[in-house]
J.: 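Pasting a structure here, questions to come.
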Amino acid sequence: MRARDLITPYFKAHGRSIAIGMVCLMLVDLLQLMIPRVVKWAVDELTLLAADGRTLLRHAVTIAVMALLIGVCRYVWRRCLLGTARFLEADLRNRLLGHLQTLSAGFFDRAKTGDLMAHATNDIQQIRMAAGLGLVALNDAILMGAAAIGFMLYIHVELTLYVLIPMPLVVVSARLLGRRMHARYQSVQAAFADLTEIVRERCAGMRLIKAHNEEAAALAAVTGVSQAYVDENMRLVGVTSLFFPLMMMLTNLSLAVVLFFGGRKTILAEITTGDFVAFISYLNLLSWPMMALGWVTNLIQRGGASLERLKRILDQQPEIQAPDTPASLPAIQGRIAFDGVTFSYDGPQGRPVLRDISVEIEPGRMLGVVGPPGSGKSTLLSLVPRLYDPCAGRVTLDGIDLRALDPAELRRQVAYVPQEPFLFSGTVRDNILFGCPQSCSNRLDQALAEAALTETVAALPAGLETRVGEKGVLLSGGQKQRIALARALLVDAPIVLLDDPISQVDTATAAVIVAAIRRMAGRRTIIVVSHRLSAVRFADLIVTVEAGRVTECGSHDRLASAQGYYARVYRLQELDHAT
Ligand code: ADP
Ligand code: MG
């Protein structure tokens with residue numbers, strides 16, 4: 001795909017509007033160019049003392065009609081060209097957001113949210129400007145410029161050539177300054193991305209900032225980035241404020257030339273007074289096309305660069321892809337096997353986070369995973385819904401390599417509660433129904449009960465309709481965790497993955513959740529990661545993961561009586577209970 005191909009469909013789909021807009025735009029230009037002709041006639045008649053009330057009225061009415069037509073046509077072209085470009089903007093934005101959703105978890109590990117925001121707002125806006133205003137400026141620069149020069153040539157060739165002497169200077173400086181403006185604009189955009197990101201982050205982390213009395217430091221950090229943004233803008237303004245006065249100066253220089261040489265030619269009667277006045281009007285009309293010429297290169301360059309950046313993202317292929325002919329999953333059993341799995345977040349050459357892991361879980365059985373923080377437990381879990389693919393070895397479901405399945409089909413079989421529960425702003429109900437919005441209220445109640453939420457929700461100010469705030473800030477960690485759990489239980493998938501489901505709840509609540517997990521046993525294949533052994537001790541099989549390797553494997557009784565990590569942690573947690 002070429003970058004151009006991104007916008008051609010827009011020009012095709014809205015061809016009619018754009019054509020109407022262009023015709024009106026050209027009409028405006030032509031009418032504007034006609035006005036000095038009428039003025040010329042009036043002035044000539046006046047100087048020849050041939051004007052009377054009727055002829056003056058005729059000229060005045062002509063100009064008034066033209067003004068009216070110009071007004072109407074301006075309205076139409078603004079709607080048809082500038083308005084229609086908004087459709088392009090919306091199309092591109094939807095396309096970008098749609099595409100981002102297809103990209104894999106790895107992409108979002110690397111991408112900065114601020115950059116993505118800049119693409120979705122700034123870049124797309126630049127493309128809209130190039131496709132809307134750019135078209136207008138291009139038309140005016142060429143049509144209006146050429147026609148104004150044409151009319152001037154018609155009045156007096158030599159005079160026109162004098163007047164045009166500064167014009168190459170205009171074009172050259174527009175070119176050079178345009179290029180510099182573009183470069184500086186890039187830096188402005190980068191600084192803007194940094195600014196959005198830091199403001200977003202500081203707002204999200206406000207509680208921590210307050211708790212540590214770090215407001216001053218946080219403000220200083222934001223102020224620093226904000227200042228950098230101002231500095232970049234000032235550098236941009238440095239060039240733009242050179243550009244416009246320079247353009248004005250050059251046109252005024254031309255005016256001086258017209259006044260002197262044109263005035264002499266009027267005295268010598270080479271041209272009429274009316275021609276002289278009309279010539280000055282054309283010169284004024286010419287100043288905008290000349291500026292537009294400089295401006296349009298800038299606009300189109302910016303739009304082009306933004307289009308390139310957008311295309312680079314749209315060209316990104318998701319790392320996790322559906323195979324061309326996905327294997328079908330007949331009646332799913334739910335046997336999951338890790339078969340010599342090695343994984344690194346940085347690709348096959350990177351530091352391995354999981355090394356040569358082989359574990360198998362029978363359908364309807366439960367696997368417990370324990371291990372110190374950072375040992376790779378969450379990573380192991382994220383391989384099952386194929387958020388990432390192993391670098392070596394394979395993960396299978398009922399004997400089929402996950403990579404042979406359609407990821408969407410696979411994910412329908414999996415209910416996954418990540419370690420960090422994520423809530424969307426909205427109500428508690430919205431968040432629980434996230435995975436299956438159609439669920440009936442019986443099932444919702446059941447999910448609430450299994451996640452030990454019934455009483456908690458009843459105690460909330462508006463029950464299920466309580467708004468949770470951005471990312472659920474209005475709830476406690478344990479509440480968020482249980483909402484995420486209820487969301488997964490509601491999905492009723494044959495495979496359930498729970499990442500540390502009782503890490504943030506008290507012992508009594510934990511007992512309710514553990515009982516719910518145990519009730520699922522037999523019907524579903526469950527993998528529970530937990531640093532609290534009470535969540536895994538009744539599992540059919542427990543593995544200990546240390547530094548990315550499985551170091552122990554067996555039942556609770558076996559591991560508790562061995563000499564490894566599990567037994568050590570078990571003794572410590574027993575001690576905890578005793579005290
Ligand atoms: P656990 O769940 O056992 O605490 P994790 O699976 O979360 O451990 O992390 C294992 C290792 O992988 C850690 O060293 C962590 O820094 C690294 N890691 C986790 N997530 C990412 C990620 N998205 N990108 C890069 N490295 C990661
Ligand atoms: Mg973890």
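Just so it is clear, the structure is predicted and the values come from calculations on it, not from any experiment. All ligand and atom numbering here is 1-based and tracks the order in the structure.
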J.: Whether the Ser425 and Arg467 side chains hold a donor-acceptor pair (N or O, under 3.5 Å, no angle test) is what I'd like checked.
T.: no
J.: Within the 3.5 Å criterion, strictly below it, is a donor on Arg302 or Gln189 matched to an acceptor on the partner's side chain?
T.: no
J.: Looking only at protein heavy atoms, which one is nearest to atom 23 (N) of ligand 1, and what is the separation?
T.: Asp109 OD2, 3.1 Å
J.: Taking non-hydrogen atoms only, is Tyr388 closer than 4.0 angstrom to ligand 1 via side chain, backbone, both or neither?
T.: side chain
J.: Taking side chain as C-beta onward, heavy atoms only, is Pro385 less than 4.5 Å from Leu497?
T.: yes
J.: Just let me know how Glu420 lines up against ligand 1, side chain, backbone, both or neither, with a heavy-atom cut-off below 4.0 Å.
T.: neither
J.: Which protein heavy atom lies closest to atom 11 (C) of ligand 1, and at what distance to 0.1 Å?
T.: Val353 CG1, 3.5 Å
J.: Run down the list Gly371, Gly376, Ser344, Pro372 and name the one with the heavy atom closest to atom 8 (O) of ligand 1.
T.: Gly376
J.: Without hydrogens or angle criteria, can the side chains of Ser378 and Gln419 be said to hold a donor-acceptor pair below 3.5 Å?
T.: yes
J.: Examine the side chains of Gln227 and Asp231 and answer whether a donor and an acceptor come within less than 3.5 Å of each other.
T.: yes
J.: State the atoms of ligand 1, each with its element, that fall below the 4.0 Å cut-off from a heavy-atom position in Thr379.
T.: 5 (P), 6 (O), 9 (O), 10 (C)
J.: Please tell me if atom 15 (C) of ligand 1 is touched by the protein, where touching means a protein heavy-atom distance below 4.0 Å.
T.: no
J.: Report the nearest protein non-hydrogen atom to atom 7 (O) of ligand 1: residue, atom name, distance rounded to 0.1 Å.
T.: Ser378 CB, 3.7 Å
J.: Under 4.0 Å from any heavy atom of Arg351, which atoms of ligand 1 are there?
T.: 14 (O)
J.: Hey, are Asp109 and Tyr388 close enough side-chain-wise for a donor-acceptor pair under 3.5 Å?
T.: yes
J.: Is there a donor in the side chain of Glu552 and an acceptor in the side chain of Thr544, or the other way round, less than 3.5 Å apart?
T.: yes
J.: What's the shortest distance from atom 4 (O) of ligand 1 to any protein heavy atom, and which residue and atom give it?
T.: Gly374 N, 2.7 Å
J.: Are Thr456 and Gln479 linked by a side-chain donor-acceptor pair shorter than 3.5 Å?
T.: no
J.: Check each atom of ligand 1 against the heavy atoms of Pro373 and keep those under 4.0 Å away; list them by number with element.
T.: 4 (O)
J.: Using 2.8 Å as a strict upper limit, say whether an N, O or S atom of Gln419 approaches the Mg ion (ligand 2) that closely.
T.: yes
J.: Starting from atom 17 (C) of ligand 1, locate the nearest protein heavy atom and write down its residue, its atom name and how far away it is, to 0.1 Å.
T.: Tyr345 CE1, 3.9 Å
